[in-house]
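Working notes for the structure below.
Side chains included, hydrogens not; waters and symmetry mates left out as well; all remaining heavy atoms used. Because the structure is a prediction, the values reported are computed rather than measured.
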Amino acid sequence: MFIQTETTPNDDSLKFIPGVTVMGDGTAEFLDTRSALKSPLAIRLMGIEGVTGVFYGPDFVTVSKDSETAWAVIKPEVYAMLMEHFSSGEALFRSEEDRESAGPQDTRILDTDSETVAMIKELLETRVRPAIMEDGGDIEYRAFTDDGIVQLKLKGSCRGCSSSTVTLKSGIERMMMHYIPEVKGVEEARPPYFLHSVLDQEDEIALSEFQKLEAKLAKEHGHEKKDSR
């Protein structure tokens, strides 16, 4: 088996392509050992020192690390674990129930969805998600607010990546507003203040990273304004 790697817009995430089906349909993300218990491969990868996240795509595995640990240290272990898993024929999840619960259900169109929400989900599933997966990540629909804002969450290599945030605010927002007049903007999902105490680790990390990126982009925008004077 020959496992290829591809870089992503996030320097701390690498896309590993084993040449066989990984999830097939859907995606799954693991950011701690508790969530990784559903998958024998994920729990082993999360056990590598420096690894902070594991993401399964249709035919790839994205591994994310902390900024202090070099890829030269992590990659050999990741290669070995991926090789062992996919050569053995071991199941990716401990049960079919675990697999079903791990995959995103966010773009499934429900009977209760308005026509606008159904169109948003359709665009995300057919146009946005495939492009985001090329970079080893995914995007999750969270809500459509009363004031016309589509709330999304970045996952995989897209989490904490400045270029992905630009994509969120420019490419995706522009597309949504072009095809769906009711959409007035796109932003990273922000849980209500009263929910902060009960956020899961995934939401805490996503919110923290997006706040850092927003501050950085605002600072850069401020410099541009000064330069133009």
Please report the closest heavy-atom contact between [X] and [Y], naming both atoms and the distance.
X: Val117; Y: Phe144; value: CG2-CB, 4.0 Å
X: Met46; Y: Thr52; value: CE-O, 3.9 Å
X: Thr126; Y: Glu122; value: OG1-O, 2.7 Å
X: Met176; Y: Val183; value: CB-CG1, 3.8 Å
X: Leu123; Y: Met175; value: CD2-SD, 4.2 Å
X: Pro18; Y: Val22; value: CG-CG2, 3.9 Å

Going only through I, L, V, M, F, W and Y residues with side-chain contacts under 4.5 Å, is there a path from [X] to [Y]?
X: Val78; Y: Val20; result: yes
X: Ile149; Y: Met119; result: no
X: Met23; Y: Ile3; result: yes
X: Val63; Y: Met83; result: yes
X: Tyr179; Y: Tyr141; result: yes

Test: Lys38 cationic atom under 6.0 Å from Phe93 six-membered ring centre, within 45° of axis
no
Between the side chains of [Y] and [X], is the shortest nitrogen-to-carboxylate-oxygen separation below 4.0 Å, so that they form an ion pair?
X: Lys184; Y: Glu173; value: no
X: Glu140; Y: Arg142; value: yes
X: Asp113; Y: Lys121; value: yes

Rounded distance (nearest 0.5 Å) linking atom [atom1] of [X] with atom [atom2] of [Y]:
X: Arg127; Y: Ile172; atom1: CZ; atom2: CD1; result: 12.0 Å
X: Leu37; Y: Ile43; atom1: CG; atom2: CD1; result: 4.5 Å
X: Ile74; Y: Ser64; atom1: CD1; atom2: OG; result: 9.5 Å
X: Leu14; Y: Lys65; atom1: CG; atom2: NZ; result: 8.5 Å
X: Glu115; Y: Ile180; atom1: CD; atom2: CD1; result: 9.5 Å
X: Glu84; Y: Leu41; atom1: CD; atom2: CG; result: 9.5 Å

Check for a donor-acceptor pair, side chain of [X] on one end and backbone N or O of [Y] on the other, with a separation under 3.5 Å.
X: Ser88; Y: His85; result: yes
X: Trp71; Y: Asp12; result: no
X: Ser13; Y: Asn10; result: no

A quick test of your reading: do over 12 heavy atoms of other residues, nucleotides or ligands sit less than 6.0 Å from CD of Glu90?
yes
Test item: [X] and [Y] side chains (from C-beta on) under 4.5 Å apart, heavy atoms:
X: Pro40; Y: Arg94; value: yes
X: Ile17; Y: Glu6; value: yes
X: Glu77; Y: Leu45; value: no

The test is side-chain contact (heavy atoms from CB on, under 4.5 Å); show your working for Glu187 and Gln151 and say whether it passes.
CA-CA 5 Å; Glu187 65 181 29; Gln151 296 185 334; 3.4 Å; yes
Test Leu152 against Val186 for side-chain contact (heavy atoms from CB on, under 4.5 Å), laying out the working first.
CA-CA 7 Å; Leu152 306 171; Val186 173; 3.6 Å; yes
Tell me which pairs pass ring-ring contact (aromatic ring centres under 6.0 Å, His included) where either residue lies in residues 5-35, with sequence neighbours left out.
Phe16-Tyr79, Phe30-Tyr56
Thr21: which residues meet the side-chain contact (heavy atoms from CB on, under 4.5 Å) condition with it, sequence neighbours left out?
none
